[in-house]
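The sequence lines fix the lettering, A, B, ..., with proteins before strands; numbering per chain opens at 1.
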Amino acid sequence: MLELKTLREDPETVRQALRRRGWNSTRLLDDALALDQALRARMTAHQELLARNRKTAKDVGRLMRSKQFAKAEEAKATHAGLKQQIRLAAHDEDSAREALIDILMMLPNVPHPSVPQGQFASHNQVVRQVGELPAFGFKPKPHWVLAERLHLVDFARGAKTAGAGFPFYVGAGARLQRALIGLFLAEAIRAGYLEIQPPLLVNEVSARGTGQLPDKEGQMYHLRDDDLYLVPTAEVPLTNFYRGEIIPEDSLPLKICGHTPCWRREAGSYGKTVRGLNRLHQFDKVEIVQVVHPDKSYAALETMTTYAEGLLQMLKLPYRTLLMCSGEMGFNQTIQYDLEVWSAGQDRWLEVSSLSNFGTFQAERLKLRYRPQSGGKPQLVHTLNGSALALPRIVAALLELRQQADGSVSLPACLSRHAGMGESWTLRP
RNA sequence: GGAGGGGUGGCAGAGUGGUCGAAUGCACUGGUCUUGAAAACCAGCGUGCCGUCAGGCACCGGGGGUUCGAAUCCCUCCCCCUCCGCCA
């Protein structure tokens with residue numbers, strides 16, 4: 001959620017930001033500003049009534065104690081009707097606040113000035129591309145063919161048991177999953193992140209805290225009986241770990257990581273781009289989260305991006321780093337990098353990581369602040385996160401890139417070690 | 001799931017209808033003292049909002065109610081503890 005202070009003091013910046021994101025109308029913004037005015041007037045009115053109420057109550061108490069009961073009754077009588085007025089004033093205030101918050105919740109974050117202007121994927125800026133695209137002496141197969149032939153993934157039985165998008169990973173396939181998770185966690189820990197194993201269900205307040213609600217309502221699986229959501233990403237529980245806290249400045253940055261399955265309904269997705277491991281309802285991911293001082297968040301994002309790229313380099317996967325344009329980046333982000341690996345069998349790029357700086361956008365909702373070392377009021381922190389990394393498309397890219405003419409796939413040494421397979425691990429049909 | 005007991009400031013812990021945003025202790029910050037430190041003493045020390053910047057309002061787990069007045073009484077939800085039941 002945008003800070004009201006920003007909106008009030010510099011509405012033009014927000015108006016520009018909305019336009020950059022492709023919002024043709026800034027009417028919501030004008031409504032918010034008007035409601036903010038109204039709210040403050042109503043608050044003042046309400047508070048004046050409360051002050052009067054309190055004063056009368058004290059007078060009555062004083063009279064009662066000095067046994068001037070008649071005068072006390074008199075004071076009570078002058079009080080008549082005040083309660084109803086207070087009730088009305090409170091209601092007016094509440095309704096103004098609710099209306100304002102409803103609008104604020106709909107306003108996206110302000111893009112950082114360095115974010116390229118644009119509406120479409122073609123406007124995303126390729127910051128760098130690393131690794132050679134492979135040349136094959138045969139036509140490389142897509143991963144779903146390889147995965148079936150190598151008996152790594154069972155899509156059909158997954159569909160039977162749960163539905164499309166819920167595959168079984170079998171034998172070496174399951175082992176490969178574990179090896180990737182193990183590798184990614186070990187590297188994150190080595191980079192100074194505290195490993196956390198979070199709840200896989202979160203309540204509504206948490207989902208609002210990181211901005212999944214109301215923006216992504218309908219994309220999360222919702223357990224109606226208990227009003228809980230299956231996590232769409234570890235970002236939600238990991239960032240909420242600190243919700244409502246005031247962190248001493250010298251404890252910043254907080255760096256945490258965790259592996260979770262991620263559940264996404266992916267309502268509206270269909271076709272070739274969702275084939276195989278490309279887009280699933282359940283997938284595994286290791287997430288990194290940082291809570292940092294506002295002055296250091298943009299530098300932190302660069303570090304996190306470099307870190308995630310390092311994982312791709314370890315796996316020897318060709319990739320490119322995109323700086324997302326204003327219209328393509330997420331609702332909550334001020335700036336966002338996506339990492340894409342080359343899919344040799346599909347002849348296209350696959351997104352395997354998204355790294356973002358949220359500025360104070362999540363912190364405002366989370367009430368997550370730090371106490372300045374110099375003293376003074378608590379200030380909102382900046383929060384960041386990134387996938388490091390999401391598994392299915394890594395598996396897809398590994399299989400497609402490293403396939404041999406005979407259908408076998410040999411995995412990089414860093415993975416075979418984590419799988420407990422020594423220095424080399426070759427999957428054979 | 002059943003029965004009972006609890007949730008108060010960073011921590012501990014008073015407070016059962018009025019002058020309580022809240023005693024006291026610890027912790028923390030500043031000062032005095034000291035060569036320095038400790039101790040002692042003095043002072044400060046929650047969060048948010050409104051504001052004509054004087055001040056005002058709200059918050060004692062969340063929400064609602066009773067009352068002129070609620071940390072205190074009532075209802076409800078959440079969480080924690082103890083015992084029983086069930087169970088990986």
Side-chain angles (χ1 to χ4, degrees), chain A residues 1-9 32-104 197-209 213 223-229 237 240-252 254 261 360 362-381:
Chain A
M1 191 162 82
L2 289 171
E3 286 176 84
L4 206 43
K5 198 173 55 175
T6 314
L7 203 67
R8 202 180 283 156
E9 288 170 3
L33 289 167
L35 273 168
D36 176 45
Q37 287 286 338
L39 172 61
R40 284 189 284 165
R42 290 178 188 191
M43 283 176 77
T44 305
H46 183 204
Q47 286 180 14
E48 273 168 11
L49 290 172
L50 284 171
R52 220 199 307 161
N53 184 47
R54 186 182 232 201
K55 188 180 173 302
T56 313
K58 281 193 177 171
D59 289 345
V60 172
R62 209 171 293 124
L63 292 168
M64 297 287 266
R65 249 172 292 117
S66 58
K67 309 230 185 287
Q68 297 172 265
F69 298 115
K71 282 194 173 173
E73 286 306 319
E74 214 172 285
K76 279 194 201 182
T78 63
H79 206 70
L82 187 54
K83 190 173 176 168
Q84 185 56 21
Q85 287 183 53
I86 289 173
R87 204 164 277 175
L88 288 173
H91 179 264
D92 285 350
E93 183 186 328
D94 289 347
S95 57
R97 179 174 289 110
E98 275 168 33
L100 177 57
I101 287 177
D102 282 350
I103 292 181
L104 286 179
Q197 203 176 97
L200 304 180
L201 299 173
V202 294
N203 58 31
E204 188 190 325
V205 176
S206 296
R208 291 184 88 83
L213 290 177
L223 278 65
R224 268 208 184 89
D225 286 349
D226 300 284
D227 201 16
L228 293 168
Y229 296 87
N240 272 280
F241 188 72
Y242 296 110
R243 169 154 52 85
E245 298 191 14
I246 299 173
I247 314 291
E249 183 177 342
D250 61 7
S251 300
L252 298 177
L254 302 169
T360 58
Q362 291 183 329
E364 168 75 16
R365 295 183 179 204
L366 294 161
K367 297 281 173 284
L368 175 50
R369 294 165 292 174
Y370 74 96
R371 190 178 298 284
Q373 218 143 23
S374 57
K377 295 274 178 201
Q379 303 290 323
L380 294 174
V381 297

Exercise answer: donor-acceptor pairs, residues 48-61 of chain A side-chain atoms, under 3.5 Å, sequence neighbours excluded:
residue: A:Asn53; atom: OD1; partner: A:His79; partner atom: NE2; Å: 2.5
residue: A:Lys55; atom: NZ; partner: A:Asp59; partner atom: OD2; Å: 3.3
residue: A:Thr56; atom: OG1; partner: A:Arg52; partner atom: O; Å: 2.9
residue: A:Thr56; atom: OG1; partner: A:His79; partner atom: ND1; Å: 3.4
residue: A:Asp59; atom: OD1; partner: A:Arg62; partner atom: NH1; Å: 3.1

Using the P atom as the point on both nucleotides, what is the distance between B:U66 and B:C74, in whole Å? 15 Å
With rounding to the closest Å, how many angstrom separate the C1' atoms on B:G69 and B:U19? 12 Å
Relative to the 5' end of RNA chain B, which residue comes earlier, A:Asn53 or A:Ala57, by the nucleotide with the nearest heavy atom? A:Ala57
Could you tell me how far B:A38 sits from B:U32 if I compare only their P atoms? Round to whole Å. 14 Å
Could you check how far CG of A:Asp226 sits from C1' of B:C77, rounded to whole Å? 15 Å
Minimum side-chain heavy-atom gap A:Leu380-A:Glu364 below 4.5 Å: yes
Base partner of B:U82, which must satisfy Watson-Crick or wobble distances under 3.5 Å: B:A3
Which is more 5' along RNA chain B, the nucleotide nearest A:Asp94 or the one nearest A:Thr56? Just name the residue. A:Asp94
B:C59 to B:G64 separation - P atoms, rounded to the nearest Å: 11 Å
Under-4.0 Å side-chain N/O to phosphate OP1/OP2 contact, A:Lys83 with B:U66: yes
Below 4.0 angstrom from OP1 or OP2 of B:C68, is there any side-chain N or O of A:Lys58? no
Tell me the interatomic distance from A:Lys55, atom NZ, to B:G18, atom C1', rounded to whole angstroms. 15 Å
Within the structure provided, determine whether A:Ile246 and A:Leu368 are in side-chain contact (heavy-atom separation under 4.5 Å). no
If we take the C1' atom in both B:C33 and B:A27, what is their distance in whole Å? 22 Å
Pairing partner (Watson-Crick or G-U wobble, both distances under 3.5 angstrom) of B:A37: none
Which residues satisfy the side chain to side chain donor-acceptor pair (under 3.5 Å) test with A:Ser66, sequence neighbours excluded? A:Gln68
Pick base, sugar-phosphate or nothing for A:Arg42, based on heavy-atom distances below 4.0 Å to the nucleic acid. nothing
Can you give one letter per nucleotide of nucleotides 46-62 of chain B, going 5' to 3': B for a protein heavy atom under 4.0 Å from the base, S for sugar-phosphate only, - for none? -SSSSS----BSS----
Any donor-acceptor N/O pair under 3.5 Å between B:U19 base and A:Arg62 side chain: no
Taking the side chain as every heavy atom from C-beta outward, state whether A:Pro372 and A:Glu249 have any atom pair closer than 4.5 Å. yes
What interatomic distance, in whole Å, is found between P of B:C45 and the corresponding atom of B:U24? 13 Å
Could you give the CD-to-P distance, from A:Gln68 to B:G18, as a whole number of Å? 19 Å
As its Watson-Crick or G-U partner within any shown strand, both distances under 3.5 Å, B:U19 has none
Gap between atoms CD and P, on A:Glu204 and B:C78 respectively (whole Å): 15 Å
Which one is paired to B:G9, where only Watson-Crick or G-U wobble pairs with both distances under 3.5 angstrom count? none
What salt bridge (Lys or Arg N to Asp or Glu O under 4.0 Å) pairs are there with at least one residue in residues 199-209 of chain A, not counting sequence neighbours? A:Glu204-A:Arg208
Work out how far the P atom of B:G85 is from that of B:G10, and round it to whole angstrom. 40 Å
So which pairs with a foot in residues 68-77 of chain A pass salt bridge (Lys or Arg N to Asp or Glu O under 4.0 Å), sequence neighbours left out? A:Glu73-A:Lys76
Calculate the interatomic distance between A:Leu228 atom CG and B:C79 atom C1'; express it in whole Å. 15 Å
C1' atom, B:A71 versus B:A22: distance in rounded Å? 8 Å
Show your reasoning for whether side-chain contact (heavy atoms from CB on, under 4.5 Å) applies to A:Arg97 and A:Met43. CA-CA 10 Å; A:Arg97 179 174 289 110; A:Met43 283 176 77; 3.7 Å; yes
For B:U47, which nucleotide in any strand shown is its Watson-Crick or wobble partner with both distances under 3.5 Å? B:A58
A:Asn203: partners by side-chain contact (heavy atoms from CB on, under 4.5 Å), with sequence neighbours left out: A:Val205, A:Ser206, A:Leu228, A:Arg243
